[in-house]
There are 2 protein chains.
Amino acid sequence: MSSYHHGNLKTELLSCAYKMCERDGYTKLSIRSLAKESNVSQTAPYRHFKTKEDLYAEVAAEGFNRLYKAMSKSKYKSPKKNLISAGREYISFGLKNSNTYDLMFGTAVPDFTKYPNLFISANKTYLHLRTEVTAYSKDKDLSSIEEKCIDIWAKIHGLVGLLRKLQVVPKQLLEMPDTPIMPINAINNNLDAYLEKFIKNI
Amino acid sequence: MSSYHHGNLKTELLSCAYKMCERDGYTKLSIRSLAKESNVSQTAPYRHFKTKEDLYAEVAAEGFNRLYKAMSKSKYKSPKKNLISAGREYISFGLKNSNTYDLMFGTAVPDFTKYPNLFISANKTYLHLRTEVTAYSKDKDLSSIEEKCIDIWAKIHGLVGLLRKLQVVPKQLLEMPDTPIMPINAINNNLDAYLEKFIKNI
DNA sequence: ACATTAATGTTTACACTGCTTACATTAAAT
DNA sequence: ATTTAATGTAAGCAGTGTAAACATTAATGT
(Lines give C-alpha, C1' and ligand atoms only; values in the text may rest on other atoms or scores of the structure.)
Protein backbone atom coordinates (compact mmCIF):
# COMPACT_ATOMS: atom_id res chain seq x y z
CA MET A 1 0.00 0.00 0.00
CA SER A 2 1.17 3.50 -0.64
CA SER A 3 0.49 5.56 2.43
CA TYR A 4 3.95 7.05 2.52
CA HIS A 5 2.91 9.79 0.17
CA HIS A 6 -0.24 11.26 1.51
CA GLY A 7 -1.59 12.74 -1.67
CA ASN A 8 -3.07 16.02 -0.59
CA LEU A 9 -1.42 16.62 2.72
CA LYS A 10 -1.29 20.36 2.30
CA THR A 11 -5.05 20.68 1.95
CA GLU A 12 -5.66 18.55 5.00
CA LEU A 13 -3.01 20.35 7.02
CA LEU A 14 -4.58 23.67 6.16
CA SER A 15 -8.11 22.72 7.09
CA CYS A 16 -6.84 21.06 10.23
CA ALA A 17 -4.85 24.18 11.09
CA TYR A 18 -7.89 26.38 10.55
CA LYS A 19 -9.90 24.21 12.89
CA MET A 20 -7.17 24.16 15.51
CA CYS A 21 -6.64 27.89 15.24
CA GLU A 22 -10.29 28.64 15.78
CA ARG A 23 -10.55 26.10 18.57
CA ASP A 24 -7.44 26.95 20.58
CA GLY A 25 -6.26 30.28 19.25
CA TYR A 26 -3.36 30.83 16.91
CA THR A 27 -0.84 31.03 19.74
CA LYS A 28 -1.55 27.40 20.57
CA LEU A 29 -1.27 26.33 16.97
CA SER A 30 2.18 24.83 16.53
CA ILE A 31 3.61 23.00 13.57
CA ARG A 32 4.29 20.02 15.77
CA SER A 33 0.78 19.86 17.20
CA LEU A 34 -0.59 20.28 13.70
CA ALA A 35 1.52 17.36 12.51
CA LYS A 36 0.36 15.28 15.43
CA GLU A 37 -3.32 16.05 14.88
CA SER A 38 -2.89 15.23 11.20
CA ASN A 39 -1.06 11.96 11.98
CA VAL A 40 2.12 12.77 10.09
CA SER A 41 5.68 13.19 11.23
CA GLN A 42 6.75 16.30 13.07
CA THR A 43 8.54 17.75 10.09
CA ALA A 44 6.15 16.81 7.31
CA PRO A 45 4.38 20.21 7.35
CA TYR A 46 7.66 21.91 6.46
CA ARG A 47 7.34 20.57 2.93
CA HIS A 48 4.27 22.75 2.55
CA PHE A 49 4.87 25.67 4.91
CA LYS A 50 8.41 26.91 5.02
CA THR A 51 7.89 28.75 8.28
CA LYS A 52 5.23 29.07 10.89
CA GLU A 53 4.39 32.51 9.54
CA ASP A 54 3.70 30.86 6.19
CA LEU A 55 1.16 28.65 7.90
CA TYR A 56 -0.35 31.62 9.69
CA ALA A 57 -0.61 33.51 6.42
CA GLU A 58 -2.50 30.71 4.73
CA VAL A 59 -4.92 30.28 7.61
CA ALA A 60 -5.47 34.03 7.68
CA ALA A 61 -6.13 34.03 3.94
CA GLU A 62 -8.77 31.37 4.42
CA GLY A 63 -10.24 33.57 7.13
CA PHE A 64 -10.52 36.51 4.75
CA ASN A 65 -12.15 34.28 2.15
CA ARG A 66 -14.83 33.31 4.65
CA LEU A 67 -15.27 36.87 5.84
CA TYR A 68 -15.67 37.99 2.23
CA LYS A 69 -18.26 35.31 1.66
CA ALA A 70 -20.24 36.36 4.72
CA MET A 71 -20.09 40.04 3.83
CA SER A 72 -21.19 39.56 0.26
CA LYS A 73 -24.04 37.12 0.74
CA SER A 74 -26.82 39.70 0.94
CA LYS A 75 -28.28 40.62 -2.44
CA TYR A 76 -30.90 43.24 -1.68
CA LYS A 77 -31.72 45.91 -4.18
CA SER A 78 -31.17 48.51 -1.48
CA PRO A 79 -27.48 49.43 -1.15
CA LYS A 80 -28.27 50.57 2.36
CA LYS A 81 -29.57 47.16 3.36
CA ASN A 82 -26.57 45.48 1.82
CA LEU A 83 -24.21 47.74 3.70
CA ILE A 84 -25.95 47.12 7.00
CA SER A 85 -25.91 43.40 6.35
CA ALA A 86 -22.21 43.47 5.54
CA GLY A 87 -21.53 45.35 8.75
CA ARG A 88 -23.54 42.93 10.80
CA GLU A 89 -21.85 39.95 9.18
CA TYR A 90 -18.45 41.49 9.77
CA ILE A 91 -19.12 42.00 13.45
CA SER A 92 -20.62 38.56 13.71
CA PHE A 93 -17.58 37.02 12.09
CA GLY A 94 -15.24 38.92 14.35
CA LEU A 95 -17.05 37.81 17.49
CA LYS A 96 -17.78 34.23 16.53
CA ASN A 97 -14.44 33.51 14.89
CA SER A 98 -12.47 35.63 17.26
CA ASN A 99 -9.38 33.48 17.26
CA THR A 100 -9.10 33.54 13.51
CA TYR A 101 -9.94 37.23 13.52
CA ASP A 102 -6.96 37.85 15.79
CA LEU A 103 -4.74 36.05 13.36
CA MET A 104 -6.11 38.09 10.45
CA PHE A 105 -5.81 41.49 12.07
CA GLY A 106 -3.14 40.98 14.67
CA THR A 107 0.59 41.04 14.21
CA ALA A 108 1.19 37.35 13.64
CA VAL A 109 1.59 38.20 9.96
CA PRO A 110 2.91 41.75 10.00
CA ASP A 111 3.32 42.27 6.26
CA PHE A 112 0.62 40.93 3.97
CA THR A 113 2.53 41.86 0.83
CA LYS A 114 4.88 38.97 1.50
CA TYR A 115 2.03 36.53 0.97
CA PRO A 116 0.19 37.04 -2.33
CA ASN A 117 -2.66 34.72 -1.36
CA LEU A 118 -3.28 36.61 1.84
CA PHE A 119 -2.87 40.00 0.23
CA ILE A 120 -5.33 39.14 -2.49
CA SER A 121 -8.03 37.77 -0.22
CA ALA A 122 -7.70 40.67 2.19
CA ASN A 123 -7.88 43.09 -0.72
CA LYS A 124 -10.87 41.30 -2.18
CA THR A 125 -12.67 41.86 1.09
CA TYR A 126 -11.82 45.55 1.04
CA LEU A 127 -12.85 45.92 -2.58
CA HIS A 128 -16.22 44.40 -1.81
CA LEU A 129 -16.76 46.95 0.92
CA ARG A 130 -15.78 49.66 -1.52
CA THR A 131 -18.26 48.39 -4.05
CA GLU A 132 -21.06 48.52 -1.50
CA VAL A 133 -20.06 51.94 -0.27
CA THR A 134 -19.94 53.19 -3.84
CA ALA A 135 -23.43 51.89 -4.48
CA TYR A 136 -24.68 53.53 -1.33
CA SER A 137 -22.85 56.82 -1.53
CA LYS A 138 -24.11 59.80 -3.50
CA ASP A 139 -20.65 61.20 -4.08
CA LYS A 140 -18.92 58.72 -6.40
CA ASP A 141 -15.54 60.39 -6.28
CA LEU A 142 -13.02 57.62 -5.70
CA SER A 143 -10.86 59.24 -3.08
CA SER A 144 -13.85 60.34 -1.06
CA ILE A 145 -15.25 56.83 -1.34
CA GLU A 146 -12.03 55.38 -0.06
CA GLU A 147 -11.94 57.78 2.83
CA LYS A 148 -15.40 56.61 3.76
CA CYS A 149 -14.29 53.00 3.51
CA ILE A 150 -11.46 53.65 5.93
CA ASP A 151 -13.90 55.35 8.28
CA ILE A 152 -16.30 52.45 8.20
CA TRP A 153 -13.75 49.70 8.41
CA ALA A 154 -11.85 51.42 11.17
CA LYS A 155 -14.90 51.92 13.25
CA ILE A 156 -16.35 48.47 12.78
CA HIS A 157 -12.97 46.90 13.37
CA GLY A 158 -12.48 48.95 16.49
CA LEU A 159 -15.97 48.07 17.61
CA VAL A 160 -15.24 44.37 17.36
CA GLY A 161 -12.12 44.84 19.43
CA LEU A 162 -13.88 46.87 22.08
CA LEU A 163 -16.90 44.60 22.26
CA ARG A 164 -14.54 41.74 22.97
CA LYS A 165 -12.49 43.64 25.52
CA LEU A 166 -15.70 44.63 27.25
CA GLN A 167 -16.91 41.06 26.96
CA VAL A 168 -20.18 42.13 25.46
CA VAL A 169 -21.98 40.29 22.70
CA PRO A 170 -24.88 41.92 20.86
CA LYS A 171 -28.01 39.96 21.65
CA GLN A 172 -28.89 39.76 18.02
CA LEU A 173 -25.83 37.62 17.32
CA LEU A 174 -25.55 35.17 20.15
CA GLU A 175 -27.77 33.80 22.84
CA MET A 176 -25.87 34.01 26.05
CA PRO A 177 -26.16 35.81 29.37
CA ASP A 178 -24.06 38.93 29.17
CA THR A 179 -23.02 41.34 31.82
CA PRO A 180 -21.82 44.53 30.13
CA ILE A 181 -19.13 46.44 31.95
CA MET A 182 -20.21 49.62 30.27
CA PRO A 183 -23.73 50.53 29.23
CA ILE A 184 -23.66 50.18 25.50
CA ASN A 185 -27.24 49.14 25.25
CA ALA A 186 -27.81 50.96 22.02
CA ILE A 187 -25.47 48.54 20.37
CA ASN A 188 -26.43 45.62 22.45
CA ASN A 189 -30.16 45.75 21.94
CA ASN A 190 -30.40 46.49 18.29
CA LEU A 191 -27.28 46.13 16.25
CA ASP A 192 -28.90 46.82 12.91
CA ALA A 193 -30.42 50.06 14.14
CA TYR A 194 -27.04 51.07 15.44
CA LEU A 195 -25.43 50.31 12.11
CA GLU A 196 -28.08 52.25 10.24
CA LYS A 197 -27.44 55.29 12.35
CA PHE A 198 -23.79 54.73 11.85
CA ILE A 199 -23.75 54.75 8.08
CA LYS A 200 -26.00 57.76 7.96
CA ASN A 201 -23.00 59.86 8.88
CA ILE A 202 -20.84 58.82 5.98
CA MET B 1 29.68 42.22 48.97
CA SER B 2 26.02 41.46 48.82
CA SER B 3 25.02 40.99 45.22
CA TYR B 4 23.07 37.83 45.76
CA HIS B 5 19.99 39.78 46.67
CA HIS B 6 19.51 42.35 44.02
CA GLY B 7 17.43 44.79 45.97
CA ASN B 8 14.90 46.05 43.47
CA LEU B 9 15.00 43.39 40.80
CA LYS B 10 11.33 43.64 40.00
CA THR B 11 11.52 47.30 39.08
CA GLU B 12 14.52 46.71 36.89
CA LEU B 13 12.98 43.66 35.26
CA LEU B 14 9.87 45.61 34.46
CA SER B 15 11.61 48.57 32.89
CA CYS B 16 13.89 46.22 31.02
CA ALA B 17 10.89 44.25 29.82
CA TYR B 18 9.16 47.40 28.64
CA LYS B 19 12.25 48.37 26.67
CA MET B 20 12.61 44.92 25.16
CA CYS B 21 8.94 44.75 24.31
CA GLU B 22 9.01 48.03 22.47
CA ARG B 23 12.28 47.19 20.79
CA ASP B 24 11.57 43.64 19.63
CA GLY B 25 7.84 43.16 20.04
CA TYR B 26 6.15 41.25 22.80
CA THR B 27 6.40 37.94 20.99
CA LYS B 28 10.17 38.12 21.27
CA LEU B 29 10.04 39.02 24.93
CA SER B 30 10.76 35.84 26.84
CA ILE B 31 11.35 35.37 30.52
CA ARG B 32 14.70 33.84 29.76
CA SER B 33 15.85 36.63 27.49
CA LEU B 34 14.65 39.13 30.05
CA ALA B 35 16.67 37.36 32.73
CA LYS B 36 19.70 37.34 30.48
CA GLU B 37 19.45 41.03 29.60
CA SER B 38 19.04 41.79 33.31
CA ASN B 39 22.03 39.62 34.24
CA VAL B 40 20.19 37.31 36.58
CA SER B 41 19.55 33.59 36.48
CA GLN B 42 17.01 32.18 34.06
CA THR B 43 14.37 31.63 36.67
CA ALA B 44 14.88 34.67 38.85
CA PRO B 45 11.97 36.56 37.22
CA TYR B 46 9.58 33.91 38.48
CA ARG B 47 9.92 35.32 41.97
CA HIS B 48 8.22 38.45 40.65
CA PHE B 49 6.07 37.26 37.77
CA LYS B 50 4.34 33.96 38.31
CA THR B 51 3.69 33.44 34.63
CA LYS B 52 4.60 35.07 31.38
CA GLU B 53 1.12 36.50 31.17
CA ASP B 54 1.76 38.21 34.50
CA LEU B 55 4.77 39.90 32.96
CA TYR B 56 2.75 40.88 29.91
CA ALA B 57 0.05 42.33 32.11
CA GLU B 58 2.48 44.52 33.99
CA VAL B 59 4.14 45.80 30.84
CA ALA B 60 0.72 46.49 29.34
CA ALA B 61 -0.30 48.38 32.48
CA GLU B 62 2.78 50.57 32.16
CA GLY B 63 1.76 51.16 28.55
CA PHE B 64 -1.67 52.37 29.61
CA ASN B 65 -0.11 54.64 32.17
CA ARG B 66 1.98 56.30 29.48
CA LEU B 67 -0.93 56.49 27.09
CA TYR B 68 -3.01 58.13 29.79
CA LYS B 69 -0.26 60.62 30.45
CA ALA B 70 0.01 61.52 26.77
CA MET B 71 -3.74 61.86 26.36
CA SER B 72 -4.20 64.08 29.37
CA LYS B 73 -1.31 66.44 28.92
CA SER B 74 -3.22 69.13 27.03
CA LYS B 75 -4.87 71.71 29.31
CA TYR B 76 -6.67 74.03 26.93
CA LYS B 77 -9.78 75.80 28.02
CA SER B 78 -11.50 74.53 24.92
CA PRO B 79 -12.89 70.99 25.40
CA LYS B 80 -12.75 70.62 21.65
CA LYS B 81 -9.03 71.33 21.53
CA ASN B 82 -8.43 68.93 24.37
CA LEU B 83 -10.36 66.19 22.62
CA ILE B 84 -8.50 66.69 19.38
CA SER B 85 -5.20 66.67 21.22
CA ALA B 86 -6.12 63.47 23.03
CA GLY B 87 -7.01 61.85 19.72
CA ARG B 88 -3.78 62.94 18.12
CA GLU B 89 -1.76 61.72 21.07
CA TYR B 90 -3.57 58.43 21.05
CA ILE B 91 -2.83 57.83 17.39
CA SER B 92 0.72 58.98 17.88
CA PHE B 93 1.19 56.57 20.76
CA GLY B 94 -0.29 53.71 18.79
CA LEU B 95 2.00 54.30 15.84
CA LYS B 96 5.19 55.11 17.67
CA ASN B 97 4.83 52.49 20.39
CA SER B 98 3.23 49.95 18.15
CA ASN B 99 4.76 46.91 19.81
CA THR B 100 3.52 47.92 23.22
CA TYR B 101 0.20 48.91 21.70
CA ASP B 102 -0.17 45.37 20.36
CA LEU B 103 0.41 44.01 23.81
CA MET B 104 -2.15 46.38 25.30
CA PHE B 105 -4.91 45.73 22.78
CA GLY B 106 -4.07 42.31 21.45
CA THR B 107 -4.88 38.96 22.96
CA ALA B 108 -1.68 38.39 24.91
CA VAL B 109 -3.65 39.31 28.03
CA PRO B 110 -7.19 38.25 27.20
CA ASP B 111 -8.86 39.16 30.47
CA PHE B 112 -7.85 42.39 32.17
CA THR B 113 -9.97 41.69 35.22
CA LYS B 114 -7.43 39.10 36.31
CA TYR B 115 -4.84 41.85 36.75
CA PRO B 116 -6.04 44.70 38.96
CA ASN B 117 -3.10 46.94 38.01
CA LEU B 118 -3.81 46.56 34.35
CA PHE B 119 -7.55 46.88 34.74
CA ILE B 120 -7.18 50.07 36.72
CA SER B 121 -4.77 51.77 34.36
CA ALA B 122 -6.83 50.80 31.32
CA ASN B 123 -9.94 52.05 33.04
CA LYS B 124 -8.24 55.28 34.05
CA THR B 125 -7.49 55.90 30.41
CA TYR B 126 -11.09 55.31 29.44
CA LEU B 127 -12.38 57.52 32.23
CA HIS B 128 -10.18 60.34 31.06
CA LEU B 129 -11.65 60.07 27.60
CA ARG B 130 -15.11 60.11 29.14
CA THR B 131 -14.28 63.24 31.09
CA GLU B 132 -13.17 65.02 27.95
CA VAL B 133 -16.16 63.84 25.98
CA THR B 134 -18.43 64.99 28.77
CA ALA B 135 -16.86 68.43 28.73
CA TYR B 136 -17.24 68.63 24.99
CA SER B 137 -20.69 67.15 24.60
CA LYS B 138 -23.88 69.17 24.96
CA ASP B 139 -25.92 66.19 26.04
CA LYS B 140 -24.59 65.21 29.47
CA ASP B 141 -26.67 62.08 29.81
CA LEU B 142 -24.31 59.37 31.00
CA SER B 143 -25.37 56.55 28.76
CA SER B 144 -25.30 58.74 25.68
CA ILE B 145 -21.85 59.97 26.71
CA GLU B 146 -20.65 56.44 27.03
CA GLU B 147 -22.04 55.52 23.67
CA LYS B 148 -20.08 58.38 22.18
CA CYS B 149 -16.95 57.21 23.98
CA ILE B 150 -17.31 53.79 22.45
CA ASP B 151 -17.78 55.38 19.05
CA ILE B 152 -14.69 57.49 19.39
CA TRP B 153 -12.45 54.88 20.89
CA ALA B 154 -13.54 52.26 18.42
CA LYS B 155 -12.89 54.47 15.47
CA ILE B 156 -9.54 55.80 16.64
CA HIS B 157 -8.44 52.34 17.65
CA GLY B 158 -9.50 50.93 14.32
CA LEU B 159 -7.77 53.79 12.57
CA VAL B 160 -4.49 53.00 14.26
CA GLY B 161 -4.82 49.39 13.18
CA LEU B 162 -5.62 50.26 9.61
CA LEU B 163 -2.96 52.94 9.29
CA ARG B 164 -0.45 50.34 10.34
CA LYS B 165 -1.77 47.66 8.05
CA LEU B 166 -1.65 50.14 5.20
CA GLN B 167 1.80 51.21 6.31
CA VAL B 168 0.86 54.83 6.32
CA VAL B 169 2.04 57.36 8.85
CA PRO B 170 0.40 60.78 9.07
CA LYS B 171 2.95 63.39 8.10
CA GLN B 172 2.17 65.38 11.17
CA LEU B 173 3.47 62.64 13.41
CA LEU B 174 6.60 61.34 11.80
CA GLU B 175 9.05 62.53 9.23
CA MET B 176 9.58 59.70 6.85
CA PRO B 177 8.93 58.98 3.20
CA ASP B 178 5.64 57.20 2.97
CA THR B 179 4.02 55.44 0.08
CA PRO B 180 0.33 55.03 0.85
CA ILE B 181 -1.29 51.99 -0.65
CA MET B 182 -4.65 53.67 -0.60
CA PRO B 183 -5.34 57.36 -1.01
CA ILE B 184 -6.13 58.48 2.48
CA ASN B 185 -4.68 61.87 1.99
CA ALA B 186 -7.28 63.58 4.07
CA ILE B 187 -5.90 61.79 7.08
CA ASN B 188 -2.36 61.85 5.93
CA ASN B 189 -2.03 65.54 5.24
CA ASN B 190 -3.78 67.02 8.19
CA LEU B 191 -4.56 64.77 11.07
CA ASP B 192 -5.95 67.45 13.33
CA ALA B 193 -8.38 68.64 10.68
CA TYR B 194 -9.47 65.08 10.19
CA LEU B 195 -10.04 64.64 13.90
CA GLU B 196 -11.98 67.87 14.09
CA LYS B 197 -14.31 66.73 11.36
CA PHE B 198 -14.53 63.41 13.12
CA ILE B 199 -15.68 64.66 16.48
CA LYS B 200 -18.18 66.97 14.89
CA ASN B 201 -20.35 63.95 14.26
CA ILE B 202 -20.60 62.81 17.83
C1' DA C 1 21.72 39.29 70.42
C1' DC C 2 20.23 35.30 68.40
C1' DA C 3 17.30 31.87 66.28
C1' DT C 4 13.66 31.36 63.18
C1' DT C 5 11.27 32.45 59.16
C1' DA C 6 10.19 34.58 54.86
C1' DA C 7 11.88 36.50 50.72
C1' DT C 8 14.68 36.19 46.93
C1' DG C 9 18.14 34.33 44.27
C1' DT C 10 20.39 29.84 41.67
C1' DT C 11 20.69 25.08 39.73
C1' DT C 12 18.74 21.44 37.62
C1' DA C 13 15.36 19.22 35.01
C1' DC C 14 11.35 18.28 31.97
C1' DA C 15 8.39 18.78 28.18
C1' DC C 16 7.57 21.59 24.39
C1' DT C 17 8.69 24.59 20.41
C1' DG C 18 10.74 26.23 15.42
C1' DC C 19 13.69 24.75 12.30
C1' DT C 20 17.83 22.39 9.91
C1' DT C 21 20.18 18.51 8.01
C1' DA C 22 20.52 14.01 6.33
C1' DC C 23 18.02 10.23 4.69
C1' DA C 24 13.90 7.30 2.58
C1' DT C 25 10.23 6.59 -0.53
C1' DT C 26 7.48 7.37 -4.33
C1' DA C 27 5.29 9.92 -8.34
C1' DA C 28 6.35 12.12 -12.61
C1' DA C 29 9.27 13.05 -16.55
C1' DT C 30 12.49 11.75 -19.89
C1' DA D 1 13.27 1.88 -17.40
C1' DT D 2 16.00 5.25 -15.47
C1' DT D 3 16.44 9.62 -13.74
C1' DT D 4 14.65 13.42 -11.20
C1' DA D 5 11.78 16.09 -8.43
C1' DA D 6 8.42 15.94 -4.89
C1' DT D 7 7.21 14.51 -0.57
C1' DG D 8 7.66 11.85 3.35
C1' DT D 9 10.67 10.50 7.93
C1' DA D 10 14.43 10.51 11.73
C1' DA D 11 17.61 12.75 14.49
C1' DG D 12 19.21 16.79 16.58
C1' DC D 13 20.14 21.87 17.93
C1' DA D 14 18.92 25.86 20.34
C1' DG D 15 15.43 28.28 22.66
C1' DT D 16 11.12 28.37 25.51
C1' DG D 17 7.75 28.10 29.99
C1' DT D 18 7.67 26.33 34.25
C1' DA D 19 8.34 23.48 38.38
C1' DA D 20 11.27 21.57 42.26
C1' DA D 21 15.17 21.49 45.18
C1' DC D 22 18.66 24.17 47.04
C1' DA D 23 21.41 28.61 48.62
C1' DT D 24 21.72 33.01 50.53
C1' DT D 25 20.20 36.93 52.70
C1' DA D 26 16.76 40.19 54.92
C1' DA D 27 13.18 40.58 58.33
C1' DT D 28 11.17 39.32 62.47
C1' DG D 29 10.06 37.70 67.25
C1' DT D 30 11.83 36.67 71.49
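Sequence lines set the chain letters: A, B, ... in the order given, protein chains first and strands last, and positions in each chain run from 1. When reading the values below, keep in mind they use all heavy atoms of this one structure, side chains included, and skip hydrogens, waters and symmetry mates. What you see is a predicted model, and the numbers here were worked out from it, not measured in a lab.
Under the ring pair (Phe, Tyr, Trp, His ring centres under 6.0 Å) criterion, the residue pairs touching residues 13-39 of chain A are A:Y26-A:Y56, with sequence neighbours excluded.
Across every strand in view, C:dC14 sits in a pair with D:dG17 that passes the Watson-Crick or G-U test at under 3.5 angstrom.
Remark: A:E37 engages A:R23 in a salt bridge (Lys or Arg N to Asp or Glu O under 4.0 Å) (not counting sequence neighbours). Take A:H48 and apply the side chain to side chain donor-acceptor pair (under 3.5 Å) test, not counting sequence neighbours, and it matches no residue. Remark: B:N97 pairs with no residue by the side chain to side chain donor-acceptor pair (under 3.5 Å) rule, at least two apart or across chains. B:Y68 pairs by the ring-ring contact (aromatic ring centres under 6.0 Å, His included) definition with B:H128, not counting sequence neighbours. Listed by chain and residue number, B:S30 satisfy the side chain to side chain donor-acceptor pair (under 3.5 Å) test with B:S33 (two or more places apart in sequence, or in another chain). For B:R32, the salt bridge (Lys or Arg N to Asp or Glu O under 4.0 Å) test picks out no residue, with sequence neighbours left out.
Contacts of residues 49-61 of chain B with DNA chain D (heavy atom under 4.0 Å): B:T51, B:K52. Annotation: proximity of residues 28-43 of chain B to DNA chain C (heavy atom, distance under 4.0 Å) is found for B:R32, B:V40, B:S41, B:T43, numbered in ascending order.
Ring pair A:H157/A:Y101 is tilted by interplanar angle, where 30° to 60° counts as tilted.
Remark: C1' of D:dA19 and OH of B:Y46 are 9 Å apart, rounded to the nearest angstrom.
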